[in-house]
There are 2 protein chains.
Amino acid sequence: MAKNEFVCDCNVIHQNVVDNTSKSMLDADTFNKLAEFFKILGDITRVKILFALDQNEMCVCDIANVLKMSKSSISHQLGTLRRSGIVKCRKSGKEVFYMLDDNHIKEVFEIGLEHIEHKK
Amino acid sequence: MAKNEFVCDCNVIHQNVVDNTSKSMLDADTFNKLAEFFKILGDITRVKILFALDQNEMCVCDIANVLKMSKSSISHQLGTLRRSGIVKCRKSGKEVFYMLDDNHIKEVFEIGLEHIEHKK
DNA sequence: TTGACAATTGAATACATATTCATATATAAT
DNA sequence: ATTATATATGAATATGTATTCAATTGTCAA
């Protein structure tokens, strides 16, 4: 069903709540970017990489060692993180050092950890 | 390759960086839960639902109207959110009202929005 | 008790994506 | 130049998941 043809299949709705909430919703693009941001954080390998990079800048091989995973897999994930603007890198000879490029990562991790703690 | 059989295929690694970072890494369970938390937030439908519920508690039908999506789809997502402890609900007759059950959602959204703003 | 309806749930489908494998690129050393 | 190596990348596979559709549950009203 196309979005703009949507007709509610309920008889009882709280129209004023629906209207007020609808007005305060953000635009589709913002919701998309928000979901994309969290989707990037929603993978255990990327979470580990970001947590590690929060400690030190590291080359691909270092990260592969810390995570005990293949360099190829790490490199793919670093590409994803780089394209989404969460990490950046600098080259030094054959090595490429990665580091965080977003100062919100630490904060967002802390809140995530609070959530986990709270749910225990 | 099993994790505990992992042998690095690099010649040059920064052993002390790897060692120090490895020591400061969290346990696997915590990383898993952290990734799970963000994974839940990493879907545009769930982001919209949570943003809406941050304004008002709402029944399934209300949410379906605000998002212009089917009740079934919304109900499935609410189930996911409920099972992960992010929303809770109360029944009132035939209706079920959902509300946030995690006071970190608002904070984490704000940081996400800052990230988006910063990357423009 | 029967009908209507809000919500849930299971199965199926369609789509996204993480890792692996093979290969390519770039840089340093010989 | 040639070799070794750190990283990147494309394709394939396997796995996960969002939505739809159909059916079911639970509650209210007649």
Side-chain angles (χ1 to χ4, degrees), chain A residues 1-3 5-6 8-14 17-18 31-32 35-36 38-49 57-65 67-84 87-98, chain B residues 1-3 5-14 17-18 31-32 35-36 38-50 57-65 67-84 87-98:
Chain A
M1 182 192 300
K3 282 186 175 183
E5 293 169 12
F6 185 85
C8 182
D9 51 354
C10 319
N11 290 329
V12 179
I13 63 168
H14 309 83
V17 171
V18 170
F31 278 129
N32 245 312
E36 284 305 313
F38 293 125
K39 196 175 291 182
I40 293 291
L41 302 180
D43 174 85
I44 190 164
T45 300
R46 289 191 292 265
V47 164
K48 286 177 182 173
I49 291 173
E57 72 167 23
M58 278 189 282
C59 67
V60 177
C61 190
D62 289 346
I63 301 171
N65 270 273
L67 270 63
K68 304 210 183 307
M69 291 177 64
S70 73
K71 284 186 293 183
S72 177
S73 181
I74 298 298
S75 184
H76 273 296
Q77 294 292 11
L78 286 168
T80 300
L81 290 167
R82 187 160 29 78
R83 280 187 295 277
S84 67
V87 305
K88 61 186 173 185
C89 60
R90 69 178 175 83
K91 292 192 71 169
S92 170
K94 279 181 292 187
E95 296 174 84
V96 179
F97 288 90
Y98 281 84
Chain B
M1 184 191 299
K3 283 186 176 184
E5 294 169 10
F6 185 85
V7 177
C8 181
D9 51 353
C10 320
N11 289 331
V12 178
I13 63 165
H14 308 86
V17 171
V18 170
F31 278 128
N32 246 312
E36 283 307 311
F38 293 126
K39 198 176 288 182
I40 293 290
L41 303 179
D43 175 84
I44 189 163
T45 300
R46 290 191 292 266
V47 164
K48 286 178 181 173
I49 291 174
L50 293 172
E57 71 168 23
M58 278 190 282
C59 68
V60 177
C61 190
D62 288 347
I63 301 171
N65 270 272
L67 269 64
K68 303 208 184 308
M69 291 177 64
S70 73
K71 282 187 294 183
S72 177
S73 181
I74 298 297
S75 184
H76 274 296
Q77 294 292 9
L78 286 169
T80 299
L81 290 167
R82 186 160 30 77
R83 280 186 296 277
S84 67
V87 305
K88 61 185 174 189
C89 60
R90 69 178 174 83
K91 293 191 71 168
S92 171
K94 279 181 290 189
E95 297 174 87
V96 179
F97 288 90
Y98 281 85

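We name chains A, B, ... by the order of the sequence lines, and we start the count at 1 in each one. Computed over heavy atoms, backbone and side chain alike; hydrogens, waters and symmetry mates excluded.
- When each of S72(B) and T80(B) is assigned the nucleotide of DNA chain D with its nearest heavy atom, T80(B) is the one assigned upstream, toward the 5' end.
- Taking atom CZ on F38(B) and atom P on dG16(D), their separation rounds to 22 Å, with Å as the unit.
- Atom P of nucleotide dA7(C) and atom CD1 of I13(A) are separated by 11 Å, given to the nearest angstrom.
- Atom CG in N32(B) sits about 14 Å away from atom P in dA18(C), given to the nearest Å.
- OP1 and OP2 of dT7(D) both lie 4.0 Å or more from every side-chain N or O belonging to S75(A).
- Atom-to-atom, CZ of R46(A) to P of dT17(C) comes out at 9 Å; the value is rounded to the nearest Å.
- Side-chain nitrogen and oxygen atoms of K71(B) include none within less than 4.0 Å of the OP1 or OP2 phosphate oxygen of dT8(C).
- In this structure, the nucleotide among dT8(C), dT19(D), dT9(D) sitting nearest to the side chain of R82(A) is dT9(D).
- In this structure, of dC5(C), dT27(C), dA7(C), it is dC5(C) that holds the atom nearest to the side chain of K94(B).
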Stepwise side-chain contact (heavy atoms from CB on, under 4.5 Å) test for R46(B) and F38(A): CA-CA 11 Å; R46(B) 290 191 292 266; F38(A) 293 125; over 6 Å; no

Run the side-chain contact (heavy atoms from CB on, under 4.5 Å) test on R90(A) and E57(A) for me, step by step, so that the C-alpha distance in whole Å, both residues' side-chain angles and the decisive distance to 0.1 Å come before the verdict. CA-CA 10 Å; R90(A) 69 178 175 83; E57(A) 72 167 23; 2.3 Å; yes

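- Checking dA18(C), dA26(C), dT19(D) against the side-chain heavy atoms of Q77(B) singles out dT19(D) as nearest.
- Looking only at distances, no side-chain donor or acceptor of S75(A) sits under 3.5 Å from a matching main-chain atom of K71(A).
- Between the base of dT20(C) and the side chain of H76(A) there is a donor-acceptor pair shorter than 3.5 Å.
- Rounded to whole Å, the distance from CD1 on I49(B) to P on dA7(C) is 13 Å.
- Put simply, CZ on R83(B) is 11 Å from P on dA18(D), counting in whole angstrom units.
- Of the two residues contacting DNA chain C, namely G42(A) and I74(B), the nearest-nucleotide position lying further toward the 5' end is that of I74(B).
- Whole-Å rounding puts the K91(A) NZ to dT27(C) P distance at 4 Å.
- Both L78(B) and D43(A) sit near DNA chain C, but only L78(B) has its closest nucleotide nearer the 5' end.
- For S92(B) (side chain) and E95(B) (main-chain N/O), no donor-acceptor pair under 3.5 Å exists by modelled atom type.
- With distances taken from any side-chain atom of S73(A) to the nucleotides dT19(D), dT7(D), dT20(C), the minimum falls on dT20(C).
- Listed nucleotides: dA7(C), dA8(D), dA18(C). Nearest to the side chain of E95(B): dA7(C).
- The NZ atom of K39(B) sits 9 Å away from the P atom of dG16(D) (whole-angstrom rounding).
- Between K48(A) and Q77(A) there is no side-chain heavy-atom pair separated by less than 4.5 Å.
- Across all strands, Y98(B) comes closer than 4.0 Å only to sugar-phosphate atoms, never to a base (heavy-atom distances).
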